[in-house]
Number of protein chains: 2
Amino acid sequence: MSTIKDVAKTANVSISTVSRVLNNSGYTSQDTKDRVYHAVEKLNYQKNLVAAAMISKQTATLGLIIPDIKNVFYGDLTRAVEDTAHKLGFNVILCNTDNDLNKEREYIEFLVQKGIDGIIFSTPEVEDKNIRELVKAKPDLPIILLGSEVDGAKVDQVLVDNFQGAYLATEHLLQLGHQQIGYISGQPESYSTIERQKGYETALKDYGISPSEENIILDEFKVDSGYKNGKKMLSQENRPTAIFAGNDAIGVGVYNAARELGLRIPEDISVVGFDHSLFSEIVYPKLTTIKTPIQEMCEKAVQLIVEIAEDKKNFKETITFEPTLMEQQSTQALSKEVIRKIQ
Amino acid sequence: MSTIKDVAKTANVSISTVSRVLNNSGYTSQDTKDRVYHAVEKLNYQKNLVAAAMISKQTATLGLIIPDIKNVFYGDLTRAVEDTAHKLGFNVILCNTDNDLNKEREYIEFLVQKGIDGIIFSTPEVEDKNIRELVKAKPDLPIILLGSEVDGAKVDQVLVDNFQGAYLATEHLLQLGHQQIGYISGQPESYSTIERQKGYETALKDYGISPSEENIILDEFKVDSGYKNGKKMLSQENRPTAIFAGNDAIGVGVYNAARELGLRIPEDISVVGFDHSLFSEIVYPKLTTIKTPIQEMCEKAVQLIVEIAEDKKNFKETITFEPTLMEQQSTQALSKEVIRKIQ
DNA sequence: GTGAAAGCGCTAACAG
DNA sequence: CTGTTAGCGCTTTCAC
C-alpha cells in the first residue's frame, strides 16, 4: 500500500504539500493540487487513518453499548444509530453486554484504549457504576445516555418520556372501562421499568384505583417472560381484564399465554405494549402500543455526541421525546360478558 | 492521559522495558516487572492502541457487513459474531448496506483505511463486484463470506447447505402428501434464494412433480413480502396446499395472509420456514422450519478470520454446515377435506 | 505557496 | 536483562 511519501514523490512535491491538498488546509496552487490528485489516482493511494488518528486524536469511530442486539428493539435502535453515524462519517463498534457490568467494563476499557470519539450507552441499568466511574476518570470523553438515566452520572441524555407513555397506555385502558389492569414488565433495575411503573400507578390513582401487588410482575423484557408471567397473572382467581406490557415482546408473550388459556384478544382481555416494534405489527390482532420516536432519538443522540466530540461543548443537556398511543386491535371496551365471567 | 514515557519515568526504567513488560516480550526481571506494574497502577496508565496499531498493523477490529440489522436473522448472526470476536479480543464495526453496492463500497473503503484486521461479509448478493475488486486490490486482507458465495471471488467461506435445507423442507411436505407446494422467497439475486429454489425444485422432481411457475414467487425476505405474496398465491384458483417460505419472516407473512383468507394453519395450509429464528417460535401455531447452526457458523467464521489475520494462512477453504428440519406445528398431512375444497 | 523538521505513542532491532 | 535509537504514516508549526 502506498503512503503519503509515494504520492509526494510521484507528484514531485513534499509530503506536507500532499497533506495540505488532501485535507484542504492551507493554500496550494491549482497546479499542485492537480499533480497531487493525479498521483493519488495513479497510485491508488488511500490515507492511513491510524496514522492520522495518532495526531488528530480522532478516530471517527463511536462505541455503542447495548444489552443485546438479538432483541428487536435494539435492532431498530442500532440501525438508526449506525445510519446517522455513517451519514456523519463515523463508524460504530457494537458491544453487547447482557447488562453484565463486568462485560461492560471490558468493552469500555477497550474502546477507550482504541481512542474512540465517544460512547453511546443505551439503557444501562440505573445503578451502572461503570458509567459513573468513566465519567469521573475521563471527563472529556463524549458520552450519551440513550433511553435511560444513571444515578449520579451527569452526562448528556436522550430520553423518551416513559412515565407519560405508561400513563397514556394505562389511561387508554381505564377509559375503556377496565379496572383490573395488570403490569408485566422487565428488569426491576431498569430505568424503563421503573418509570413506566410510575406512570402506570399514577394513572390508576388518578382514576381512583389503588395499584395492587398481585397485578404487577417484573421479570425480563422478553417474549418468554411475557408468556410465563402472563400465564401466571391470567390464571388468578380475579384476573385482570387488561394488561399493560412493559414492551411489545412481553405483549407477544401475553398473547401466547392468553391463547393457551382460551382467552381471546381483545374480546376477553385487552393488551397494550410499548415501543411499536415489529412485534406489534406482525401479531394478530395487531398490538395496541406506545410509539416512541426511536429514529429521531437516535439521530439526536449521534448528532449530539459528534457535536461534543468536535466542539467540546461544555454543558450537559437532557432531551426528552414524547411518546404517543398507537391504537390498534388488541384493546376494546370492557364488556359485561367479561365482567360476569370474571366474578 | 499518561503515556508509556510517564510509566517509564516513575518506574525508573526505559520505555522499551515498559513495552517489554506490558507485552510479555523478551526477558525482564521480576523486580522490574513489579516496578512497572506499580507505576501502571499508580498512573492509571492505559495503552494507546492507536499508536500500537501503527507499528503492529493490527487494530483488533473486524468489520461486519450485513444488509440490515433490523432483520432478526442478522440480529442473531451479529450477536454470535460479536460474542466470538469479543472472546478472541476483537471488536466489530457494524455496517448496514441494504444490499446497496455504493454504500457497501463506502464502508469497505473506510474500513480498509482504518486498518481493520478483516471483513466478514454476510450474504452479499452473488454478483457483488465490490468484493471481487477488494479481493483483487487487497489480496492480503482477510475476508470471509458468511452464508453466501460470490461469483468469481476466491475467498474463505462459511456456508450452510441451502440446497439440502430446502430439499428437507420440501420433502417433508411431499411426504405429508402435499403435491401443490408453493415457494415464496427473497431477492432473486440472493444466493440463498437461488440455492433454496434448486433444493425445492429438485425435491419436487424427485417425487415426480414438475415445478410450475405460478407456485414460485420471489420478492424480499420480509414479513410484508410474505404477506403480500402469500395472499396472491393463496387466492389462486387451484391454490397450493403447502408453502415453503424462503425464511421465517416470509412464513409469518404467509400466516397473516392465510388468516385473512380464512385459512387455518395447518388444517387448511401447511407452512415451512427457514432459519429457526425467533419468528418461528412466537407465532401460533409454531412454525415448522429449517434450523441452521448459525451460532457455530459465526464462531467458525470469526475463528477463521482471526487465524488468517494472525497466521497468514495461504489457502482458501469453504466450510459448509448442514441444516436440519425442525418440525413444529405448522405442517400436517394433506386431508381429503382440503383436497375437496381446492378442486 | 511550499518544504524541512519535529513529534504523536508505541514497538523492535541493536548494542551493551 | 536493559537502554538507545530508529522509525510507523501522518499533521503541523516554522522558515523561506
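Lettering of chains follows the sequences in order, A, B, ..., and the numbering in each one begins at 1. Owing to the predicted nature of the structure, the values given are computational and were not obtained by experimental measurement.
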Item to check | the helix from C/dG1-D/dC16 to C/dG16-D/dC1: angle between end helix axes, five pairs per end, rounded to 10 degrees | outcome: 40°

Atom pairs under 3.5 Å, N or O on each side, protein against nucleotides 13-15 of chain D: can you list them with distances?
none

Checklist entry - About how many Å separate CG of A/L49 and NZ of B/K114, when rounded to the nearest 0.5 Å? => result 6.5 Å

Checklist entry - Think B/K313 forms a cation-pi with B/F315, using NZ or CZ under 6.0 Å from the six-ring centre and within 45 degrees of its axis? => result yes

Checklist entry - Quick one: which of A/Q157, A/K154, A/E149 gives a side-chain hydrogen bond (donor to acceptor under 3.5 Å, both in side chains) with A/T318? => result A/Q157

Item to check | Electrostatic pair B/D100:B/R105 at N-O distance under 4.0 angstrom | outcome: no

Checklist entry - Would the A/F110 and B/H86 ring centres measure less than 6.0 Å apart? => result no

Below 3.5 Å is the cut-off: list the nitrogen or oxygen pairs between protein and nucleotides 6-10 of chain C, distance only.
unit_1	atom_1	unit_2	atom_2	d
C/dC8	O3'	A/K57	NZ	3.2
C/dC10	OP1	B/Y45	OH	2.5
C/dC10	OP1	B/N48	N	3.1
C/dC10	OP2	B/I4	N	2.4

Next on the checklist: Taking any heavy-atom pair under 4.0 Å as a contact, classify A/T32: base, sugar-phosphate, or nothing.
Outcome noted: sugar-phosphate

Item to check | Rounded interatomic separation in angstrom, taking CD from A/Q58 and C1' from D/dC10 | outcome: 15 Å

Checklist entry - Whole Å only: how far is the OH atom of A/Y27 from the C1' atom of C/dG3? => result 19 Å

Next on the checklist: Just to be sure I understand the rule, does A/V50 reach a base, reach only the sugar-phosphate, or reach nothing, if contact means heavy atoms closer than 4.0 Å?
Outcome noted: nothing

Checklist outcome for this item: Taken to the nearest whole Å, CG/B/N12 to P/D/dT2 is 12 Å

Next on the checklist: What I want to find out is whether A/D128 reaches A/R132 closely enough, with some N-O distance under 4.0 Å, to be called a salt bridge.
Outcome noted: no

Checklist entry - Nearest 0.5 Å, what's the CD-CD distance between A/E296 and A/Q303? => result 10.5 Å

Item to check | Pairwise distance CD1(B/I144) to NZ(B/K300) - rounded to 0.5 angstrom | outcome: 9.5 Å

Checklist entry - Please give, in whole Å, the distance from C/dT11 P to B/L22 CG? => result 8 Å

Next on the checklist: Among A/N102, A/I108, A/V150, A/V135, exactly one meets side chain to side chain contact (heavy atoms under 4.5 Å, CB included) together with A/N130. Which residue is that?
Outcome noted: A/I108

Checklist entry - Could you give the CD-to-P distance, from B/Q113 to D/dG9, as a whole number of Å? => result 15 Å

Checklist entry - Should the pair A/K87-A/D83 be classified as a salt bridge under the 4.0 Å nitrogen-to-oxygen rule? => result no

Next on the checklist: Whether A/S56 contacts D/dT11 is assessed here as follows: a side-chain N or O lying under 4.0 Å from the phosphate OP1 or OP2. Is that the case?
Outcome noted: no

Checklist entry - Using a distance-only test with no angle check, is there a side-chain donor-acceptor pair under 3.5 angstrom linking B/K33 and B/N24? => result no

